[in-house]
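Reading through the structure tokens given below for one structure.
Computed from heavy atoms alone, side chains included, the values below leave out hydrogens, waters and symmetry copies.
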Amino acid sequence: MINPVHVYAWQAAIVGNARLEGRPVRALMLEDPWAGSFARSPETFLGFEVDGGFEPSFDRWFERMKARGLLAIRSLRVSDPSIWVLYDPPDSPPRLPELALVFPDRVVWYRYFFPWPGPQARSAVSQEDGFREVPEMRSAAVPSVEDAERELLAATREYVAFVGPQARKDHSSDVFYAAMGQKALELLTDTEASFQTRLAALREADVKEYRRRSKDWWPVQPATRAMRPQIFENAARSLERDDYLRVMEAAGLSWRAVRLACAAQDIWPLNMHNERTSEDMLPPFVQAPGYAAIGKRWADAANAACNAAVNAR
């Protein structure tokens with residue numbers, strides 16, 4: 001299966017929308033979702049359902065959709081309101097399909113399907129994955145980068161003002177979730193120059209992290225110095241596959257759209273589902289009056305910000 005599939009969907013939207021405007025952008029993730037993997041996926045990737053069959057190539061599928069009048073490809077995140085209710089939460093809504101294709105007279109949704117692990121014998125489970133057309137009535141609308149940025153900045157400031165003073169400085173969980181808000185606030189208030197400096201530092205950290213993973217997961221252990229060129233090459237390939245922010249830059253999206261995506265991607269505040277199910281004692285601010293509303297606003301704003309950024313034109 002494609003993992004993470006949301007990064008595939010984001011890049012499909014970024015690349016597809018750029019091509020609709022005449023920019024010949026490419027992305028390694030769309031050409032080889034398993035680039036940098038130590039083992040290929042055992043499933044057969046069927047591609048995208050169309051005309052009763054499947055088209056395995058993103059490029060050919062996109063051209064077929066473009067010929068039919070495609071206006072936009074969208075990849076959307078939605079909030080689950082049930083995770084913000086502590087007692088008697090409502091049922092979670094169904095997972096939103098990964099892609100929405102906007103045509104002049106309709107929206108066509110595609111959901112990713114894959115073999116689901118279970119008690120059945122492996123031979124009894126379909127070993128195929130891909131994107132299948134599904135019905136969906138929810139909206140495919142996205143906010144503008146400016147509106148999403150404004151709301152995320154306001155929600156972030158509210159979260160920082162609430163959590164910061166209550167976070168215990170000698171408890172790692174408190175410090176982590178307080179720092180999450182502070183990092184987002186710093187990103188959202190960066191100038192273009194300071195954001196580029198910060199982004200370069202984040203990318204240096206990513207290179208080190210991907211090299212560490214590649215070394216730790218290398219099929220031959222212990223990894224030796226002689227293996228370093230191969231390990232580094234594997235890490236670079238994996239990072240290129242996953243780095244959707246570089247794809248946004250290649251697509252010509254504004255630095256503010258890239259900054260918005262960068263700020264939104266790591267916003268995952270503690271919620272009431274965590275409070276219901278965690279075996280650990282969560283930070284006291286989670287139970288403080290007003291936290292659920294503030295945390296929900298921040299999480300909702302992050303989802304809207306991600307939608308605005310990766311679907312920007």
Side-chain angles (χ1 to χ4, degrees), residues 6-7 9-10 13-14 17 74-81 83-84 96 139-167 169 173-203 205-206 243-249 251-272 274 283 285-286 288-313:
H6 69 272
V7 177
W10 288 348
I14 296 163
N17 290 328
R74 291 182 180 153
S75 174
L76 305 174
R77 279 169 46 177
V78 294
S79 300
D80 179 356
I83 66 175
W84 292 102
L96 192 69
S139 172
V142 295
S144 68
V145 168
E146 293 74 19
D147 287 346
E149 180 186 86
R150 189 179 306 112
E151 170 59 13
L152 183 58
L153 180 57
T156 302
R157 283 175 168 154
E158 184 179 41
Y159 176 88
V160 169
F162 187 92
V163 170
Q166 298 189 56
K169 303 303 184 286
S173 291
D174 295 50
V175 171
F176 175 83
Y177 285 99
M180 181 188 292
Q182 190 61 42
K183 176 186 174 184
L185 183 58
E186 291 172 358
L187 272 164
L188 291 167
T189 53
D190 268 340
T191 63
E192 182 174 4
S194 61
F195 172 64
Q196 294 302 333
T197 299
R198 189 188 304 275
L199 185 58
L202 291 172
R203 282 174 167 157
D206 281 343
D243 192 353
Y244 72 99
L245 295 180
R246 285 196 187 276
V247 179
M248 291 179 69
E249 292 173 331
L253 299 183
S254 71
W255 73 271
R256 289 180 64 180
V258 177
R259 180 183 67 173
L260 188 61
C262 188
Q265 67 182 355
D266 293 326
I267 295 176
W268 300 99
L270 288 166
N271 54 57
M272 297 303 106
N274 301 133
F285 63 74
V286 176
Y291 171 78
I294 290 170
K296 182 179 185 302
R297 181 192 183 190
W298 195 38
D300 289 350
N303 282 340
C306 179
N307 292 343
V310 301
N311 296 290
R313 304 291 287 270

So do the side chains of Arg150 and Asp147 get within less than 4.5 Å of each other, counting heavy atoms only?
yes
Phe195 meets the ring-ring contact (aromatic ring centres under 6.0 Å, His included) criterion, sequence neighbours left out, with none
List the atom pairs, donor and acceptor, that lie under 3.5 Å between side-chain atoms in residues 300-313 and the rest of the protein, sequence neighbours left out.
residue : atom : partner : partner atom : Å
Asp300  : OD1  : Ser79   : OG           : 2.5
Asp300  : OD2  : Lys296  : NZ           : 2.7
Asn303  : OD1  : Arg77   : NE           : 2.9
Asn303  : OD1  : Arg77   : NH2          : 2.7
Asn303  : ND2  : Ser79   : OG           : 2.9
Asn307  : OD1  : Arg77   : N            : 2.7
Asn307  : ND2  : Arg77   : O            : 2.9
Asn307  : ND2  : Asn303  : O            : 3.4
Asn311  : OD1  : Ser75   : N            : 2.9
Asn311  : ND2  : Ser75   : O            : 2.9
Asn311  : ND2  : Asn307  : O            : 2.7
Arg313  : NE   : Glu21   : OE2          : 3.1
Arg313  : NH1  : Leu71   : O            : 3.2

Applying side chain to side chain donor-acceptor pair (under 3.5 Å) to Ser139 and not counting sequence neighbours gives none
Output all residues satisfying side chain to side chain contact (heavy atoms under 4.5 Å, CB included) with Val78, sequence neighbours left out; order by chain, then residue number.
Leu96, Arg138
Any ion pair linking Asp206 and Arg203 (charged N to carboxylate O, less than 4.0 Å)?
no
In terms of heavy-atom contacts, Trp255 and Gln196 come closest through CB-NE2, 4.1 Å
Any Lys/Arg nitrogen of Arg297 or Glu151 sitting under 4.0 Å from an Asp/Glu carboxylate oxygen of the other?
yes
Value rounded to 0.5 Å, distance of CG in Leu152 from CD in Glu149:
8.5 Å
Looking at CZ of Arg246 and CG of Leu199, how far apart are the two atoms once the value is rounded to the nearest 0.5 Å?
7.5 Å
Are the side chain of Arg256 and the backbone N or O of Val145 linked by a donor-acceptor pair below 3.5 Å?
no
From Glu186 atom CD to Thr156 atom OG1, the distance as rounded to the nearest 0.5 Å
11.5 Å
By side chain to side chain donor-acceptor pair (under 3.5 Å), Ser254 pairs with (sequence neighbours left out) none
Side-chain contact, heavy-atom cut-off 4.5 Å: Met248 with Leu245?
yes
Ring-plane angle category for Trp298 and Tyr159, please: parallel below 30°, perpendicular beyond 60°, tilted otherwise.
parallel
Can Arg198 and Asp190 be counted as an ion pair, charged N to O under 4.0 angstrom?
yes
Can you tell me if CZ on Arg157 sees more than 12 non-hydrogen neighbours from other groups inside 6.0 Å?
no
Closest heavy-atom contact between Tyr291 and Leu270?
OH-O, 2.6 Å
Any non-hydrogen side-chain atom of Pro269 less than 4.5 Å from a side-chain atom of Trp84?
yes
Which residues pass the ring-ring contact (aromatic ring centres under 6.0 Å, His included) test with Trp10, not counting sequence neighbours?
His6, Tyr244
d(Leu260 CG, Gln265 CD) to nearest 0.5 Å is 10.5 Å
Once rounded to the nearest 0.5 Å, what's the spacing between atom CG of Leu185 and atom NZ of Lys183?
13.0 Å
Do Asn271 and Val286 touch side chain to side chain, with heavy atoms closer than 4.5 Å?
no
Return yes if some donor-acceptor pair links the side-chain N/O of Gln166 with the main-chain N/O of Phe162 below 3.5 Å, else return no.
yes
